[in-house]
Amino acid sequence: MKKINRKIILSLMILLASSFAFAKEGNESAGVERYAIYIGSNIGGKNNQRLLYAGSDAISFQKTMSEIGGISQQNSILLLDPTKDDVDNAMQTISAIINSKSSNLKRTEFVFYYSGHSDEYSLLLGKTTYGYSELKKAITEVPTDVHVVILDSCYSGNFIRSKGGQRQKPFLVDDSSVVKGHAYLSSSSSQESSQESDEIGSSFFTNAMITGLRGAADSSGDKKVTLNELYSYAFNETLSKTENTSTGPQHPNYNITLVGSGDLVLSDISNSDSILMLSKEITGRVIIRDKNGKLVSEINKTSEKPVYLALESGQYGVTVIGENATLQGNFTLSPKKTYALSNTNLSPAIRVANRTRGDDGEEVTDEEAEAEDEGFDFEYENRSEDDFAYVPFMFSFVCDEFHLALNKDIITSVGIGLLRVHAYEADGALVAGIGSEAVYINGFQGGGIYSFAMDVNGAQGAGVFNFARDVHGVQGSGVFNFARDVTGVQGSGVINIAHDVTYVQGAGVVNVAAGKVNGVQGSGVANFAMGLRGVQGAGIANITWGESSGVQGASIINIAKGDFDGVQVGLVNYCSGESGFQFGLINISKNGVCEVGASLTTDERARITFNSGMRYLYAVFGCAVPLDADYDDEYYLDDKYVDVIMGLGTRFKLAMLNFDLEVMANEVLIPKEDTQWYMSTRASVGVTPIKHLNVFAGFTMAFESEYNRGAFERHKSNMKFTKRGITVHSEFDFGVRFSFN
């Protein structure tokens, strides 16, 4: 209610300010006025993954339209993670502002931008939804002549599907013209998902829209971006950037039904605080980043005429990837100035992805260039038999005698060398006392000290060191292994390091997987992994970074930094995420439970507990002792015992209150007698008046049967009842807990 009241008050203030600030005398026309609502919603309900950039996309879109789109801050409303009611309130507020100012205007325009989750029928706004039909009606009721709707969300093509997605007529640029109608732009078709990218820190569609509005879409070169230019640019850029993604290509859609003449201008580059001009001789892919390295704009400049980009003042770096060269440089944009960037301002850069091979100008990919640098030959299948020599059996004491003598790459079945053996391809076994090298191994490679292969389809083994770019079978080493990709099994007596591990990686001491671990990683001492999608086990410690799921098991400590949605089993478990399960003596998690409590019970006992773990599943350890026992008298044993508590609990929170339910196994330690066990359950309610301090009251029920009656011989019980041979001992306790979180 407070949130809604604040919005109502803010809306009234905007309405009153607008009434005075924009009042005009007489009947003089005030031209065109634009208004907008920008919505960014990262939350799409419990069944949808939280987005990362919907909110920042909405903020960036508002900033762009404010700078060069003619929409002032007073005429716009920004909503982040709103509900349906918030959107409706914003519609009412913007309508009130429009009604207060539109009497002397020739035309009014309304822009509705949304970035977030949606399905085939509605926008998904957290726990609420906004149906497309209802949304269309609400937008139509905003009292403007033109309605421009931009939806960057999954299946958003369904919003315009009923109209067929066809442009009916061109429309205005001249503010003396009369125009009415709508323009609907969606980021994807009715059956496609919309995608965002960590590399650009935005969704593909919104990034293309903003880049286009800032000048990349200006195909006419008049420093103005029209709706037709923007849609054409955004369509091509979004499609090209998503064609090779795992989700698949994304096709923006549109429906335009505006009556008028000309074309609707959405941004004016000349209104920017500072302008970058790409001179006509610059052609190719132009990549612009700010001083922090964040991608600002990426355009494909093909025309031999200047391109003007509206950017903020500041320092930038630029890379131009042309057909024959790559150029790099830095520049500074000053306020109220236009900076002309030409080839004279840039310096040649080292080519990797677009370099030529020989004189034919053939282009090679990044992977090919990197592999060539390491001796890997992608043109093997295109080479003739004259380029190779087959030697059934080869050996070498120091260097490659066969290779030097024949001046050809060697293909062999068996190679043996005391110091070094080198072959292009080994279809059998390649063994060396100190080193062995091969581009392809289709059998076994072994070295007493050193082994190297670009690709191994069988087994590679070394007494000291192994390296393989790809291992599709088994790699083993007495001391150290490294593999860029491991699809089978990698094992080492001391250390394993793998870029990606799909199945099993094992080491006697340490495992390191710098990418994804999709199978099992095990070590006698420690494991390190950037990501985990399987099982990670170590005798001492497990550590993983980034988003991970699966199982971490260690005898001492597990550490998961980042979002962890799995199971940790160890003496000490640490997780910086908020989901998953922890089983151990000490469990620490973000927004979890980590607290010490003390209480007095109605059965005259003192109870001390330590709770730690996730909020919905935490571990309970503690003890309870009778208050009236004389522990100083070692001969008076009748009233002495210690009740050791071990169990699991779950917690539900409501404002300042918390409700706990615990199930515990209790071990009764009695001097000079056998240990006794019994089970108990406990429910409690607590209140947190100040941070870190919780005051609570609990109710415990302990269960006595014919098998554990000895556990209750010294247990004073003021409340108990028996039914079907089971005696239930009940007690209340009252105390405080101190939280470390």
Side-chain angles (χ1 to χ4, degrees), residues 10 14 32-42 51-82 87 90 93-94 97 109-116 148-153 185 187 196-197 200-218 223-227 229-230 233-234 237-238 264-276 288-299 308-316 332-339:
L10 178 61
I14 294 174
V32 177
E33 191 81 9
R34 286 181 172 174
Y35 308 86
I37 293 177
Y38 310 96
I39 301 173
S41 181
N42 287 317
L51 299 175
L52 299 178
Y53 308 113
S56 58
D57 279 350
I59 294 172
S60 297
F61 203 90
Q62 181 195 37
K63 180 179 178 61
T64 300
M65 294 304 292
S66 174
E67 293 176 358
I68 57 176
I71 304 178
S72 64
Q73 294 288 346
Q74 296 89 341
N75 285 4
S76 65
I77 296 176
L78 173 66
L79 300 177
L80 299 179
D81 295 326
V87 177
T93 301
I94 207 74
I97 296 175
E109 300 170 2
F110 173 58
V111 176
F112 181 89
Y113 169 87
Y114 173 78
S115 178
V148 178
V149 180
I150 301 171
L151 300 182
D152 188 355
S153 59
L185 305 181
S187 62
E196 58 180 19
S197 167
I200 62 177
S202 173
S203 79
F204 289 109
F205 180 70
T206 293
N207 180 260
M209 293 284 286
I210 293 176
T211 303
L213 285 167
R214 290 194 174 275
D218 178 22
K223 297 186 181 180
K224 293 180 174 59
V225 177
T226 66
L227 184 59
E229 289 176 327
L230 180 62
Y233 177 84
E237 284 296 301
T238 303
L264 180 65
V265 174
L266 289 182
S267 64
D268 188 344
I269 312 305
S270 59
N271 289 334
S272 177
D273 179 59
S274 55
I275 298 175
L276 171 67
I288 301 172
R289 300 181 182 275
D290 63 17
K291 63 180 180 180
N292 298 318
K294 182 181 178 181
L295 181 66
V296 174
S297 183
E298 181 179 357
I299 67 172
Y308 296 88
L309 299 178
L311 302 177
E312 296 182 22
S313 57
Q315 298 177 349
Y316 295 89
T332 301
L333 294 182
S334 302
K336 309 301 180 182
K337 297 289 182 65
T338 297
Y339 182 87

Minimum heavy-atom distance [X]-[Y], with the two atoms named:
X	Y	value
S297	T211	OG-CG2, 3.2 Å
T238	A208	OG1-CB, 4.0 Å
S153	Y114	CB-CE2, 3.9 Å
A58	L78	CB-CD1, 4.0 Å
I94	N75	CD1-O, 3.5 Å
I150	F61	CD1-CZ, 3.6 Å

Measuring from [X]:[atom1] to [Y]:[atom2], what's the distance to the nearest 0.5 Å?
X	Y	atom1	atom2	result
K63	I71	NZ	CD1	14.5 Å
R289	Y316	CZ	OH	13.5 Å
Y308	S270	OH	OG	11.0 Å
L185	L266	CG	CG	8.0 Å
L227	S267	CG	OG	10.5 Å
K337	S313	NZ	OG	11.5 Å

Heavy atoms, side chains only, cut-off 4.5 Å: are [X] and [Y] in contact?
X	Y	value
M65	L213	yes
Y233	V225	no
V296	L309	no
R214	T64	yes
E229	D218	yes
S41	P82	yes
I68	D268	no
L230	M209	yes

Quick check: does any side chain N or O of [X] sit under 3.5 Å from a backbone N or O of [Y], one acting as donor and the other as acceptor?
X	Y	result
S274	L311	yes
D290	N292	yes
R34	G69	yes
D57	S203	yes

| task | Could you walk me through whether I37 and T93 pass side-chain contact (heavy atoms from CB on, under 4.5 Å), step by step? | result | CA-CA 10 Å; I37 293 177; T93 301; over 6 Å; no

| side chain to side chain donor-acceptor pair (under 3.5 Å) against Y113, all qualifying residues, sequence neighbours excluded | T206

| request: With side-chain contact (heavy atoms from CB on, under 4.5 Å) as the test, would you mind laying out the steps for E298 and I288 before giving the verdict? | output: CA-CA 6 Å; E298 181 179 357; I288 301 172; over 6 Å; no

| message | Please evaluate residues F110 and V149 with respect to the criterion side-chain contact (heavy atoms from CB on, under 4.5 Å), reporting the C-alpha separation (whole Å), side-chain torsions for both, the decisive distance (0.1 Å), and the verdict. | response | CA-CA 8 Å; F110 173 58; V149 180; over 6 Å; no

